[in-house]
Amino acid sequence: MHLPKRFFVAALLGAATLATTSAAGAADLRIDQTQVIGTHNSYSQPADPRVFEVMDPLLQPLLEALAQRMPAAARAQFEDEHPNPLASSLAAALDYRFPSLDTQLRAGLRSVELDLNVDHTGGRFLDPLSYRLLRERGDAELEPLYLDSLRQPGLKTLHMADVDFRSSCPTFRSCLQQLRAWSDANPAHSLVYVLLEPKLSNLAATLPGATQVEPFDARAFVEMDTSIRQLLGRSRVITPDDVRGDRVSLEQAVLARQWPTVSQARGKFMFLMIAGSDEAYRPYLDGHPNLEGRMAFVRGRPGQAHAAFVMLDNALTRATEIAELVRKGYLVRTRADIDTAEARSNDTRRRDAALASGAQIISTDYPFTPNVFGNDYSVTPFAGGFRQTPLDAR
């Protein structure tokens, strides 16, 4: 992957600013009073373009049928979170690419997103349907995969089985090892948010030959938490227990603003799960209604006992709601650009709305300029990794 020289300049400048926080008194801010820039699908490596030649004709009818079958509420949520449909091809919505996690963090990004796929026995994602179809038609020298890593049992980090599966850290444990190595080299770093999406979609039910995606079950959640403890260490992670303290519920603690300060969070990580449905988290919450003993926070809604983190991706339609939630004490993630549309047209309206909303975590596919489309659209990381939120959350 070739990146413009200006990208490396930005990375070096970001590294140089990590040792100096921007505003006086920043260490006394709570983390809910700060804002960071992060990447979406941070592990993503470009797919072989030939994949879309064979998969688009198969997937488009399935995706259209799925949209028609969605319950009204689910469809409304999906359309709000994905307001930029790109009918031309799936490839158009995936036209972004990222350097290593280490390089992103050195540049000042402070949120990364990892998609987790269950693979209890190993080898489940070794032979994607698209590569089989391409080999059958005589194509060779396909973009490489980390085959040795994919053979290992355990959670895999990839976006979409059979279509968008190339990753700079194909196993969850290898992603954690990269985060640990960077943290060891930068022990006073500001808090890093790690967004985790347990993947649930399964094309195998409707597409012959597709990879059978296993359900994200209780065993997978145990593996997730165990890997975090083993590879990062409990002391480097801010958990729900740390925030809840002696409050009856996690949400009560959040509304009382019991978040740690910037100085207390230095050298640490916080894990936030972002799947779209309550059902996805049922095994994780079962017996742990306030996430007792768990390593990660879970996307919630006000009124839920475990609610501490809310995801409202569309800052153009939800700006008022985001600001209200931030003022109450919740952490909020929103997106500056969605499905590549804003970057293609150099449209900064969503980016500007996201930054102004006060959301603590702003995700982008384009943190550096020039972007892959050759224009100046970007969402620049903050010097020192964070800034005070534009809202007065004190």
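It should be emphasised that the depicted structure is a prediction, and the values quoted were computed from it without experimental measurement.
Taking the six-membered ring wherever Trp is involved, the centroid distance between the rings of Tyr284 and Phe221 falls below 6.0 Å. Taking the six-membered ring where the residue is Trp, the centroids of Phe373 and Tyr366 are separated by under 6.0 Å. The aromatic ring centroids of Tyr96 and His40 lie less than 6.0 Å from each other. Separation of the Phe165 and Tyr131 ring centroids falls under the 6.0 Å cut-off.
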Q: Go through the steps to decide whether Asp184 and Arg236 satisfy the test salt bridge (charged side-chain N to carboxylate O under 4.0 Å, His left out), and finish with yes or no.
A: CA-CA 11 Å; Asp184 285 346; Arg236 295 192 193 212; 2.6 Å; yes
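Panel note: side chain Glu81, backbone Asp313; no donor-acceptor pair is recorded below 3.5 Å.
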Which side-chain N or O atoms in residues 141-149 pair as donor and acceptor under 3.5 Å with protein atoms at least two apart or in another chain?
{"residue": "Asp148", "atom": "OD1", "partner": "Arg151", "partner atom": "NH1", "Å": "2.9"}

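In this structure, Arg349 places its CZ atom where only 12 or fewer heavy-atom neighbours from other residues, nucleotides or ligands lie under 6.0 Å away.
Both Val192 and Ile228 are members of a single hydrophobic cluster when ILVMFWY side chains are connected at heavy-atom separations under 4.5 Å. No path of Ile, Leu, Val, Met, Phe, Trp and Tyr side chains, each step under 4.5 Å between heavy atoms, connects Ile338 with Met160, placing them in separate hydrophobic clusters.
Atom CD of Gln304 sits about 8.0 Å away from atom CG of Leu285, to the nearest 0.5 Å. Rounding to the nearest 0.5 Å places CH2 of Trp259 at 10.5 Å from CZ of Arg30. Atom CG in Asp28 sits 9.5 Å away from atom CD in Gln264 (nearest 0.5 Å). Interatomic distance, Arg110 CZ to Thr39 OG1, rounded to the nearest 0.5 Å: 11.5 Å. Between Ile362 atom CD1 and Ser111 atom OG the span is 10.0 Å, to the nearest 0.5 Å. Here the CZ-CG distance, from Arg50 to Asp139, works out to 5.0 Å after rounding to the nearest 0.5 Å.
In summary, the side chains of Thr364 and Asp337 do present a donor paired with an acceptor at a separation below 3.5 Å, with no hydrogens or angles considered. Donor-acceptor pairing under 3.5 Å is lacking for the side chains of Arg97 and Gln45.
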